[in-house]
Amino acid sequence: LVDLLKQLTHCIERGKIDRNAPYPPDMKGSDGAVELTGRLLENKVPPEAILSRSLIPGMNAVGEKFEHGEAFIPELLISAKSMQAAMELLKPYFISGELKYKGTVVLGTVAGDLHDIGKNIVGMVLEGDGWKIVDLGVNVPDTEFLKALEGYPESIIGMSALLTTSLKSMETIAGRIRENFPNTDIYIGGAPVTQDYCDMIGTNGYFPEPHSFVKHLAILKDIR
Ligand code: B12
């Protein structure tokens, strides 16, 4: 099983989606992210472990190559695609059959930013913990967050950013939400986000990964 996990990491890093995928040419005909994820699930490997031991390390590996000029945008995209294909199989495990939601979380990647892998994981984990997710997608401007709050005024906001240049959007959006819906809790995350930045722009919290976020929301729900 450890070997399967490693093979899956390799598939994500190389962007091998499934057995039929022609890319990358040197892996033609071999199992891809979809088959390996399926086999791991059949072997009862917990989906959380598949995510943290294979998928995220694979994405990090291609990210590092990109940082060192050894991989380029097309490679990142195909890796992201293979990650998303694997996540589709994990999704049902993260989403429980619970019908009564703990509350609503409006999620979006902020204006100027198109990275959504992290946001989607946060959404899956929250959904699995019983929260209703309203996913606004990527490149979301302040107006769309406000529109969502009109529809779900009680909801909690989660913003994601992966670019240092889109951090500014977080500040703008948080400011506009504060003006219009002053009681809304706003949480932020994404690789360039820090607790200092959260304090600076006056949002309610920063979490580096979804599990601490979910725990925090559960406490919040209990005390209110
Ligand atoms: C994949 C990727 C892409 C893909 C995105 C595909 C997709 N559908 O998301 C594509 C190819 C499109 C892309 C494009 C670009 N990218 Co890019 N990309 C990456 C890469 C390799 C991985 C990001 C990722 O998915 N990580 C995996 C996920 C699971 O981690 P995560 O997003 O951090 O999320 C976790 C936590 O942060 C947290 N979290 C995230 N959001 C939230 C929200 C809340 C509320 C909470 C609580 C938690 C939370 O939970 C998640 C799960 O644990 C990173 C490098 C890296 N190592 O991070 C570069 C990186 C982010 N990209 C970068 C750049 C420069 C770009 C481009 C500008 C490249 C270009 N020249 O065109 C464009 C920008 C496009 C745009 N306008 O957004 C830079 C950013 C540099 C900077 N400091 O700003 C990075 C850091 C690479 C680098 N070192 O140069 N990219």
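Atoms within each ligand, like the ligands themselves, are counted from 1 in listed order.
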Got an N/O contact under 3.5 Å between [X] and ligand 1?
X	answer
Y187	no
S160	yes
K119	no

Would you name the heavy atoms of [X] and [Y] that are closest together and state the gap between them?
X	Y	answer
K16	D31	CG-O, 4.0 Å
T37	A33	OG1-O, 2.6 Å
S166	G112	CB-C, 4.5 Å
D113	L162	OD2-N, 2.7 Å

Protein heavy-atom partner closest to [atom] - residue, atom, separation in Å:
atom	value
atom 79 (C) of ligand 1	L163 CD2, 4.3 Å
atom 22 (C) of ligand 1	M59 CE, 4.4 Å
atom 23 (C) of ligand 1	L162 CD1, 4.1 Å
atom 52 (C) of ligand 1	P210 CD, 3.6 Å
atom 17 (Co) of ligand 1	H115 NE2, 2.3 Å
atom 77 (N) of ligand 1	G112 O, 3.1 Å

Hey, what's the ring geometry for F207 with Y187, parallel, tilted or perpendicular (30° and 60° as the breaks)?
tilted

Heavy-atom distance from [atom] to the protein below 4.0 Å?
atom	value
atom 86 (C) of ligand 1	no
atom 67 (C) of ligand 1	no
atom 71 (N) of ligand 1	no
atom 81 (C) of ligand 1	no
atom 19 (C) of ligand 1	yes
atom 38 (C) of ligand 1	yes

Is E13 salt-bridged to K65, going by a charged N under 4.0 Å from an acidic O?
yes

Salt bridge E144-K147, side-chain N to carboxylate O under 4.0 Å
no

Does ligand 1 have any atom that is closer than 4.0 Å to a heavy atom of D113?
yes

Non-hydrogen atom of P192 closer than 4.0 Å to ligand 1
no

